[in-house]
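All of these numbers come straight from a predicted model, not from anything done at the bench. Throughout, protein chains are lettered first and strands after them, A, B, ... in sequence-line order, and every chain is numbered starting at 1. Values below: every heavy atom of this structure, side chains too, minus hydrogens, waters and symmetry copies.
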Number of protein chains: 2
Amino acid sequence: MTRLSVVPKLDPESMKTACSKCNLRELCLPSGLSGDEIDQLDNLIRVRRIYRKGEHAYHAGDLFDSLFAVRTGFFKSNLLNEDGRDQVTGFHMAGELMGLDGISTDHHTCDAVALEDSELCVIPFARLEELSREAPSLQRHLHKIMSREIVSDQSVMMLLGSMRAEERLAAFLLNLSQRMTARGYSPSEFNLRMTREEIGSYLGLKLETVSRVFSRFQSDELITVQQKHIRIRDIPKLRAIVGQHC
Amino acid sequence: MTRLSVVPKLDPESMKTACSKCNLRELCLPSGLSGDEIDQLDNLIRVRRIYRKGEHAYHAGDLFDSLFAVRTGFFKSNLLNEDGRDQVTGFHMAGELMGLDGISTDHHTCDAVALEDSELCVIPFARLEELSREAPSLQRHLHKIMSREIVSDQSVMMLLGSMRAEERLAAFLLNLSQRMTARGYSPSEFNLRMTREEIGSYLGLKLETVSRVFSRFQSDELITVQQKHIRIRDIPKLRAIVGQHC
DNA sequence: CGCAGTTTTGATTCATCTCAATTTGTGTGG
DNA sequence: CCACACAAATTGAGATGAATCAAAACTGCG
């Protein structure tokens, strides 16, 4: 990435991935913004970074100064308690924002780990705040994104607090399927990027339980599962499993 | 604080509870703001409302246009799923903000119910956004509050995902105790405002389990419990229960 | 004072965890 | 390219913590 002296210019390579050209813009930070506002984001988000599988975008305790948007790949967030307890608190795919938890104390509260080779857009938060003071619709949009995170955390609380193993797995698969659809991928066929243990940690189950429920779903012909490859065969029935309160 | 004619005047009664005079200001929205910025909040937050026990501040689905700050009393948030499943997602005491979930879709996603006679400050959100565009430190503070909510939801996820009943109850009691302390109340003696069922719903347990664990804590001399009255007798041991990973 | 709602406690059942063994898949170096 | 070692996933058997069902005791409100 070469830059000119005063006003830094994006070279053609990075241009391809400027917000304004990004095929994720409808899912990511720019969604719902005017062309003008997206241009300003182009100016703000100038750093992208590649992460190899297993690499951390940040660790719990690190100073917070940027949000991260997933451009390609897949991340998990990991909460590590004082007492060594460790839980996956989220999975993040292309177009999703990570790091909102860090605003609260200026330090990240969880680890973010790449589950495959990935690329992140780095969003300097102080500058995003500046920008959003000037652009009400960007401000509102940032607030919506934070609020959406709160809402989705709360529906995970509901899942963990009141669903049984089968319901949790069904909800998990449907959620993945829906996020794949939003990204233009098949809603019914995809590869899991995380291990059974990570799924279990996220859903409050042991890995053996996750494996068993997958097998049961398979023998009930709801899904086909072969290691990490999942094919969803009966979405309505999965929905019924989540829906049934008992 | 006297104001000139154009600006509506607060009467002496409400004066007593303007943000600038509010004894909760260190806990609530104004915390960390300059005197000048708090004056602007005084101007913004002009409506307070009394709620009787059992009354709703809002229902899931209601149009969102304001945040609510608890001035006195105690609220719960209740998530009601399509399928009739119902879960308490939070308890809110004086100085805490409710309604952040509504920003995401312009509609509240949960019910907020008074668990005792209470008073809320109504904070018109559009005007709060306006104000925070002008006052960077208010903006940053609002972001911190939202982020804090995300962090605390995530630690509930951790609790629900990986703790056993005793650990959950111990964590719950310590959390209440700590919030009481922050408000100048005794950390070790207080009245619960919620039923065993509500505690259970929040913690992903049945009411009988909550009751049993309270009884066990009592016979282990960790607490004294008599219906809603709780006296915490051994905070270090409660901490040890939460801490022990097994 | 009586009644409804809440809480406590007991007996039993059930879902998930734990422990263990086996199979399958993956990455590395000879 | 194959063999080996290691990680991940499956499956089974048995243990266990919490749920469920049930009954009794307590509380507070009208």
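Remark: B:Glu55 engages B:Arg49 in a salt bridge, criterion side-chain N to carboxylate O under 4.0 Å. The pair A:Lys53-A:Asp117 does not meet the salt-bridge criterion, since no charged nitrogen lies less than 4.0 angstrom from a carboxylate oxygen. Salt-bridge annotation for A:Arg212 and A:Glu166: absent, with no side-chain N of the basic residue lying under 4.0 Å from a carboxylate O of the acidic one.
For A:Met163 and D:dA19, the CE to C1' distance is 18 Å, given to the nearest whole Å. Atoms CD1 (A:Ile230) and P (D:dT10) sit 9 Å apart, rounded to a whole Å. Atoms NE2 (B:His229) and P (D:dG28) sit 12 Å apart, rounded to a whole Å. For B:Phe214 and D:dA25, the CZ to P distance is 23 Å, given to the nearest whole Å. The nearest whole Å value for the distance from the CZ atom in B:Arg168 to the C1' atom in D:dA18 is 10 Å. Taking atom CG on B:Leu203 and atom P on D:dA18, their separation rounds to 12 Å, with Å as the unit. Note: CG (A:Leu115) to P (D:dA7) measures 17 Å, nearest angstrom. Atom CG in A:Leu205 sits roughly 18 Å away from atom P in D:dG17 (whole-Å rounding).
Ring-plane geometry between A:Phe64 and A:His108 is classed as perpendicular, the angle between the planes exceeding 60 degrees on a 0 to 90 degree scale with a lower cut at 30.
The side chain of A:Ser211 contributes an N or O atom lying less than 4.0 Å from OP1 or OP2 of D:dT10. Distances shorter than 4.0 Å separate none of the side-chain N or O atoms of B:Lys228 from OP1 or OP2 on D:dG28.
Looking at which nucleotide of DNA chain D each of B:Arg216 and A:Glu197 is closest to, the 5′-most match is held by A:Glu197. Annotation: of the two residues near DNA chain C, A:Gln227 and A:Ala165, the 5′-most nearest-nucleotide partner is A:Ala165. Both B:Lys53 and B:Thr209 lie near DNA chain D, and the one whose nearest nucleotide falls closer to the 5' end is B:Thr209. Two residues, B:Val225 and A:Gly204, neighbour DNA chain C, and the one matched to the more 5' nucleotide by heavy-atom proximity is B:Val225.
Among D:dT10, C:dT16, D:dA19, the nucleotide with an atom closest to any side-chain atom of B:Lys206 is D:dA19. The side chain of B:Arg164 approaches D:dA18 more closely than any other nucleotide in the set C:dT7, D:dA18, D:dT11.
The base of C:dC19 sits within donor-acceptor range of the side chain of A:Glu208, with an N or O pair under 3.5 Å. Counting distance only, with no hydrogens placed and no angle test, the side-chain atoms of A:Arg212 and the base atoms of D:dG12 include a donor-acceptor pair under 3.5 Å.
Exactly one residue among B:Gln87, B:Lys76, B:Arg193 makes a side chain to side chain donor-acceptor pair (under 3.5 Å) with B:Glu198. That residue is B:Lys76.
Among the heavy atoms of the strands lying under 4.0 Å from A:Thr195 are primed sugar atoms or P, OP1, OP2 only; no base atom is included.
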